[in-house]
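Working notes for the structure below.
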Amino acid sequence: MPDDTAVRTRTIAIEVLRYQPDEGAEPRFERFDIPYTDDMSVLQGLQYIKDQVDASLTYRWSCRMAICGSCGMMIAGIPKLACHTFLRDYAPGPLRVEPLNHFPIERDLVVDMTDFIEKFPTITPWIEPKEAKKPSEGEYLQTPEQLERFEQFSHCINCLLCYAACPQYGLDDKFLGPGLTALLHRYNVDSRDGAKDKRMELVHSEEGVWSCTAVGYCSEVCPKLVDPANAVNQNKTASAISWFTRFLPGGK
Amino acid sequence: MSARRTYVRPMEGWWTRNPFFMKYMAREATAVIVYLYGLLLTWGIVSLGNGEAAFNGWLAWLKSPLGIVFQLVSLAVFAYHTWSWFVIMPKTMPPVKVGGKRLSNAAITGTGIAVAIVMSLAAFVLAGRLS
């Protein structure tokens with residue numbers, strides 16, 4: 001095996017926000033100067049630190065290819081996936097890496113996502129068939145147009161970047177938030193689903209879409225090009241219409 | 001297992017930390033001038049009802065240095081208000097289909113801004129003919 005240390009002549013300074021709950025101190029930045037190559041992601045930089053410099057550095061990661069949604073963090077102040085961001089774009093640094101905004105810090109770059117996990121089942125994130133069919137009766141058919149209505153919203157990987165981009169969630173975490181509203185919308189506009197009325201209760205509530213003030217940054221930072229702001233604001237329209245039509249016969 | 005001791009970071013000054021949020025706050029702040037300009041127009045209508053002298057007083061204020069400065073500031077603020085809301089408009093609408101294809105966000109924003117420019121110019125020309 002050829003030794004690649006000769007190639008790694010350039011270095012980048014990474015300042016990581018460290019928080020060690022057992023030490024009882026406030027979070028503080030710690031600087032690491034590490035060698036990097038053009039093909040190294042921020043995640044690989046963190047892995048270098050953990051393997052070569054400080055094994056206590058804590059962060060979440062898994063797939064390294066922007067599909068598992070584990071390595072979301074604030075990179076130079078912007079919510080990004082660490083595996084989806086190149087170190088070379090920030091060289092020579094210092095590059096600040098912090099845990100995702102608007103979530104409590106568990107340790108170093110790991111946040112406590114309990115709030116998100118607990119809200120998740122409240123949106124009924126599954127299809128409740130409009131008409132139950134036995135497998136022998138065949139599949140539920142869908143046209144390409146029906147698929148297109150929900151497809152982009154189904155690309156969410158629960159990475160929480162949109163929550164770190166949402167100041168309304170940061171100011172009051174009772175808000176259901178962008179990601180879960182996008183997923184709620186994904187099921188609501190699925191032609192096979194029959195549980196919309198149940199989900200709309202949540203949409204109408206104070207914690208639902210009305211906490212959104214159309215900042216729109218959630219859609220800018222989404223690594224899977226979902227448009228959560230669009231899901232939230234389409235549901236404002238739906239919520240307003242149903243508020244007025246409830247006075248009409250047959251309205252709800 | 002040790003007890004969890006999570007750390008919650010403060011939100012103070014959140015909108016100063018990102019240019020995107022500063023633009024958002026600027027968009028929201030334009031509402032103040034829009035409100036004041038609404039009051040100015042209301043004052044005009046009330047003056048109209050109070051007779052010629054009152055209405056001429058309102059017209060005189062519009063032509064005063066303070067009135068002109070306020071109207072120029074309003075014009076700039078309204079332009080930013082219009083532009084920033086048409087930028088966010090595609091995110092607030094259901095998908096629009098033209099000829100079976102989904103209209104892009106840029107096309108929706110561009111159409112909104114183009115209509116706003118045409119309507120403003122039309123109003124300007126009309127006002128010039130009436131006066």
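Everything quoted here is computed from the prediction, not taken from an experiment. Throughout, a chain's letter reflects where its sequence line sits, starting with A, and its residues are numbered from 1.
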Under 4.5 Å heavy-atom distance to chain B, tell me which part of A/A165 shows up: side chain, backbone, both or neither. backbone
Check whether B/Y24 gets within reach of chain A through its side chain, its backbone, both or neither, counting any heavy atom under 4.5 Å. side chain
Leading residue by heavy atom contact count with chain A [cutoff under 4.5 Å; candidates B/M25, B/R9, B/R17]: B/R9
Looking at A/P21, A/G77, A/A231, which has the largest count of heavy-atom pairs under 4.5 Å with chain B? A/P21
Sub-4.5 Å side-chain heavy-atom contact between A/I105 and B/V8: no
Kindly check if the number of other-residue, nucleotide or ligand heavy atoms within 6.0 Å of CZ (A/R149) is above 12? no
Using non-hydrogen atoms only, which part of A/Q152 is less than 4.5 Å away from chain B: side chain, backbone, both, or neither? side chain
Looking at side-chain heavy atoms only, is the closest gap between B/P95 and A/Q234 below 4.5 Å? yes
Are B/K91 and A/E220 ion-paired here, with the side-chain N under 4.0 Å from a carboxylate O? yes
Between B/M93 and chain A, with a heavy-atom cut-off of 4.5 Å, which part of the residue counts as in contact: side chain, backbone, both or neither? backbone
For the residue pair A/Y19 and B/T6, confirm or rule out a side-chain donor-acceptor distance under 3.5 Å. no
Looking at A/L171, A/N235, A/T237, which has the largest count of heavy-atom pairs under 4.5 Å with chain B? A/L171
Which region of A/N101, side chain (C-beta onward) or backbone (N, CA, C, O), has a non-hydrogen atom less than 4.5 Å from a non-hydrogen atom of chain B, or is it both or neither? both
Structural part of A/P228 lying under 4.5 Å from a heavy atom of chain B: neither
Using a cut-off of under 4.5 Å for heavy-atom pairs, which of A/V189, A/T213, A/D227, A/I78 has the most such pairs with chain B? A/T213
Indicate yes or no: does A/E148 engage B/K97 in a salt bridge with an N to O separation below 4.0 Å. yes
How about A/P167 and B/F21: do any of their side-chain heavy atoms sit closer than 4.5 Å? yes
